[in-house]
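Below: one structure, written as structure tokens.
All chains are named by letter (A, B, ...) in the order of the sequence lines, taking the proteins before the strands, and each is independently numbered beginning at 1.
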Protein chains: 2
Amino acid sequence: MAQLKPHTPLRPPTMADVARQAGVSHQTVSRVLGDHPNVRNETRARVLHAIEEMGYRRNSSARALATRRTLTLGVVASNTTLYGPASTLFALEEAARAEGYLVSTVSLRELTVETVSEALHRLSEGGVEGVIALAPQRPAVEALTELRHPFPVVAVGTGSGVEIPSVNVDQRLGARLATGHLLATGHRTVWHLAGPENWQEAVDRADGWRATLEEAGVTPPAPLRGDWSPLSGYRAGQELAGWVGRGLTAVFVANDQMALGVLWALREAGVRTPQDVAVVGFDDIPESEFFAPPLTTVRQDFSAVGKRSIALLLDLIEGRTPAGTSRIVIEPQLLVRASTFPYAPRPGTAPG
Amino acid sequence: MAQLKPHTPLRPPTMADVARQAGVSHQTVSRVLGDHPNVRNETRARVLHAIEEMGYRRNSSARALATRRTLTLGVVASNTTLYGPASTLFALEEAARAEGYLVSTVSLRELTVETVSEALHRLSEGGVEGVIALAPQRPAVEALTELRHPFPVVAVGTGSGVEIPSVNVDQRLGARLATGHLLATGHRTVWHLAGPENWQEAVDRADGWRATLEEAGVTPPAPLRGDWSPLSGYRAGQELAGWVGRGLTAVFVANDQMALGVLWALREAGVRTPQDVAVVGFDDIPESEFFAPPLTTVRQDFSAVGKRSIALLLDLIEGRTPAGTSRIVIEPQLLVRASTFPYAPRPGTAPG
DNA sequence: GACGTCATTGTGAGCGCTAACAATCGACGG
DNA sequence: CCGTCGATTGTTAGCGCTCACAATGACGTC
């Protein structure tokens with residue numbers, strides 16, 4: 001059949017076009033692009049020149065079809081404007097890129113079985129080889145475990161009590177560090193402003209706090225509850241201010257943003273931090289060093305979370321790790337700042 | 001040739017497998033999946049049942065190869081843990097998803113010609129149909145304009161002075177609103193803590209501030225410069241505190257995080273806000289309402305930025321809009337809070 | 001009762017690439 | 001001088017899907 005197909009400028013050039021231009025076979029072009037060893041230098045140069053000249057780009061779909069590899073990973077996330085999720089997302093993408101993968105993200109407004117299933121479905125249609133699910137809420141985990149997917153999934157932030165591979169910062173340990181620090185600096189008990197009940201991290205932080213108090217022989221006061229926002233922290237702070245002078249000298253707040261609201265409410269009520277009430281947060285957002293006063297908090301190594309998650313996912317994709325077993329736990333770190341120290345109780349408020 | 005290929009459990013089922021199972025042709029399966037009208041209900045049901053039973057998923061690569069559409073957009077971004085970029089990213093993904101597209105993101109630590117070129121190249125190899133570049137810095141824009149890419153690119157946050165399609169919040173207007181508000185509430189002049197010089201947004205905000213002062217017949221004081229971080233704001237704030245009583249009564253800070261540092265430094269120096277010095281920020285991060293005092297700031301509609309950007313990019317992809325012309329500008333909004341109002345000058349510091 | 005029409009389904013030809021194998025050529029050992 | 005080996009290049013089949021077109025059958029019309 002006659003080769004009557006001149007290269008239409010409308011169609012981007014194909015490998016065959018480049019081959020013709022360079023006077024070789026398309027396979028040789030493929031070899032050059034694939035850095036195959038057995039290509040004569042002169043041939044390689046000729047091919048590269050043709051590629052450059054024609055502005056040729058390898059068609060990723062054809063490549064993916066032939067190799068059965070898309071080199072793309074999916075991420076399902078929510079609350080991506082919050083510091084924690086945003087940092088994790090960043091770390092994940094960077095780690096994936098270092099391994100030669102591209103990342104497609106689906107950012108949900110809320111995590112329900114429906115939205116997560118839908119997101120997984122879209123990513124599947126997008127041809128991802130595996131998915132990282134930033135799934136800090138229960139319903140998301142349900143969706144992950146109940147659904148049939150054609151690719152491995154790694155859960156992040158679910159807590160390690162789930163039956164799929166997961167990567168987590170040890171939230172309980174973080175809460176223990178925070179609570180323990182407060183007890184160690186002279187406080188008789190520690191109050192807690194928790195995060196939303198449906199967040200596993202909130203539950204774990206509350207558990208760590210409770211356990212630490214109980215081990216110290218202290219009956220934990222009833223925890224307050226917020227929604228991670230500064231506003232909810234502010235409201236809780238107003239309530240907490242009412243307990244000052246009646247045994248409240250220290251508060252462990254489940255994240256820095258709420259802690260900001262708490263600090264604000266306390267100051268408004270004439271309560272001094274840390275002299276009257278010490279406050280500890282969680283996350284170490286960049287601003288927390290500049291709160292009034294600078295906030296003692298718990299830092300999570302998001303970069304490590306990203307790297308370990310990607311490494312685990314790739315292990316699963318390559319079949320190097322059997323599914324269902326791996327649970328990676330990363331240790332957080334306490335940062336002591338002025339919101340807890342120096343603690344200088346005034347007479348009457350003193351825990352001693 | 002004999003059809004000796006029983007469905008290996010290792011290989012996911014293909015459309016042909018489903019067709020065989022349902023007793024139809026692969027084309028009919030394709031029609032069912034594509035919601036084609038001319039398929040008998042009974043046939044459709046049979047096909048759907050087979051699909052469900054076999055857990056069949058359409059192969060996206062083959063589909064993309066045949067249709068020449070990947071339904072994927074790329075985003076190049078940096079500083080994605082900051083509130084502004086994170087919000088834009090979220091809005092972009094949501095808007096893209098609503099249009100049936102998946103988004104692949106590359107998050108850079110720094111925007112240089114090299115990193116941006118590299119990112120564009122990766123996205124190209126990933127088969128994106130178009131790219132949104134969150135390119136608030138000059139070098140990024142260079143890379144965008146100088147490079148040959150096989151797809152349309154929309155720049156976001158570059159300022160509208162670039163020769164490629166762009167979407168921007170009117171930063172000058174935002175700065176004018178902020179500065180004008182301060183002048184209107186009785187201040188004789190307004191100082192400025194600017195962002196990094198290589199950020200177009202920082203330049204535009206400074207320009208708006210300067211222009212507003214000059215139009216009011218005031219010679220602008222030399223602006224200070226920070227790096228967007230609370231720490232840099234804190235340092236600048238210490239310097240600013242030294243000018244209190246010597247004509248400094250109002251500061252326009254180029255973002256909320258630096259404003260936080262400024263507030264902190266002022267308080268530490270015994271300067272009251274807003275009684276002695278009024279402060280305005282930019283961005284309206286969620287925390288700014290809970291700064292001490294709550295921060296007057298300029299809100300940008302990131303959601304609108306996302307939607308308009310995606311709409312423009314899709315127009316370019318579909319060829320509905322000629323390249324090179326469109327510049328979309330979105331208006332910001334001033335939010336007045338306690339950091340500027342009520343302004344109550346004390347004797348001697350009063351601007352009047 | 002032959003013919004045009006519509007709804008429904010099937011067939012064949014790629015999309016652009018890689019993988020496996022075949023072919024070619026010069027060099028080298030016996 | 002011939003066979004063999006290694007380096008280099010070409011040839012042939014798909015990968016799994018969609019598109020354009022062909023085929024089939026039921027229905028109604030004149």
Side-chain angles (χ1 to χ4, degrees), chain A residues 1 3-5 7-8 10-47 50-51 54-71 124-127 129 150, chain B residues 1 3-5 7-8 10-47 50-51 54-71 124-127 129 150:
Chain A
M1 32 194 121
Q3 286 283 57
L4 291 181
K5 204 168 52 178
H7 168 230
T8 330
L10 293 170
R11 286 238 170 302
T14 75
M15 197 171 261
D17 297 328
V18 173
R20 204 172 309 130
Q21 173 92 359
V24 297
S25 78
H26 63 131
Q27 179 58 12
T28 298
V29 176
S30 177
R31 285 194 185 99
V32 169
L33 253 20
D35 263 333
H36 238 78
N38 290 345
V39 179
R40 219 192 318 157
N41 278 336
E42 190 238 300
T43 310
R44 182 187 309 277
R46 204 145 32 93
V47 169
I51 287 175
M54 308 176 76
Y56 168 74
R57 307 276 185 134
R58 204 153 40 166
N59 179 311
S60 65
S61 305
R63 200 162 134 71
L65 179 57
T67 59
R68 301 154 180 282
R69 312 281 270 109
T70 58
L71 294 181
S124 167
E125 298 262 285
E129 293 183 31
Chain B
M1 30 191 122
Q3 287 284 57
L4 289 182
K5 202 169 53 177
H7 170 230
T8 331
L10 294 171
R11 288 240 169 301
T14 76
M15 197 170 261
D17 297 329
V18 173
R20 202 172 309 131
Q21 173 93 1
V24 297
S25 77
H26 63 128
Q27 179 57 18
T28 298
V29 177
S30 177
R31 285 195 185 97
V32 169
L33 253 20
D35 264 334
H36 237 78
N38 290 346
V39 178
R40 219 193 316 158
N41 279 336
E42 191 236 301
T43 310
R44 183 186 309 278
R46 203 141 36 91
V47 169
I51 286 175
M54 307 175 77
Y56 169 74
R57 307 277 183 133
R58 204 155 39 168
N59 179 312
S60 65
S61 305
R63 198 164 137 70
L65 179 57
T67 58
R68 299 155 180 281
R69 314 280 270 110
T70 58
L71 294 181
S124 167
E125 297 263 284
E129 293 183 30

(request) May I ask you to verify if any side-chain N or O of B/Ser30 is less than 4.0 angstrom from the OP1 or OP2 atom of D/dT18? (result) yes
(request) Nearest 0.5 Å please: distance from the CZ atom of B/Arg68 over to the CZ atom of B/Arg63. (result) 15.0 Å
(message) So, does A/Arg58 get its side chain near the phosphate of C/dT18, meaning an N or O under 4.0 Å from OP1 or OP2?
(response) yes
(message) Distance check needed: D/dT24 P versus B/Gln27 CD, whole Å only.
(response) 17 Å
(message) At a heavy-atom distance below 4.0 Å, what parts of residues 32-41 of chain B sit against DNA chain D?
(response) none
(request) Round to a whole Å and report the spacing from CG of A/Asn59 to P of D/dG16. (result) 17 Å
(message) Less than 4.0 angstrom between a side-chain N/O of B/Ser25 and OP1 or OP2 of C/dT9, yes or no?
(response) no
(request) Respond yes when some side-chain nitrogen or oxygen of B/Thr28 is under 4.0 Å from OP1 or OP2 of C/dG10, and no when none is. (result) yes
(message) Tell me whether the side-chain N/O atoms of B/Arg68 come closer than 4.0 Å to OP1 or OP2 in C/dG16.
(response) yes
(request) Could you tell me whether A/Ser61 contacts a base, only the sugar-phosphate backbone, or nothing, with contacts defined as non-hydrogen atoms closer than 4.0 Å? (result) nothing
(request) Could you check how far CZ of B/Arg20 sits from C1' of C/dT9, rounded to whole Å? (result) 18 Å
(request) Determine to 10° how strongly the helix from C/dG1-D/dC30 to C/dG30-D/dC1 is bent, judged from the axes of its five-pair ends. (result) 50°
(message) Run the side-chain contact (heavy atoms from CB on, under 4.5 Å) test on B/Asp35 and B/Arg44 for me, step by step, so that the C-alpha distance in whole Å, both residues' side-chain angles and the decisive distance to 0.1 Å come before the verdict.
(response) CA-CA 10 Å; B/Asp35 264 334; B/Arg44 183 186 309 278; 4.3 Å; yes
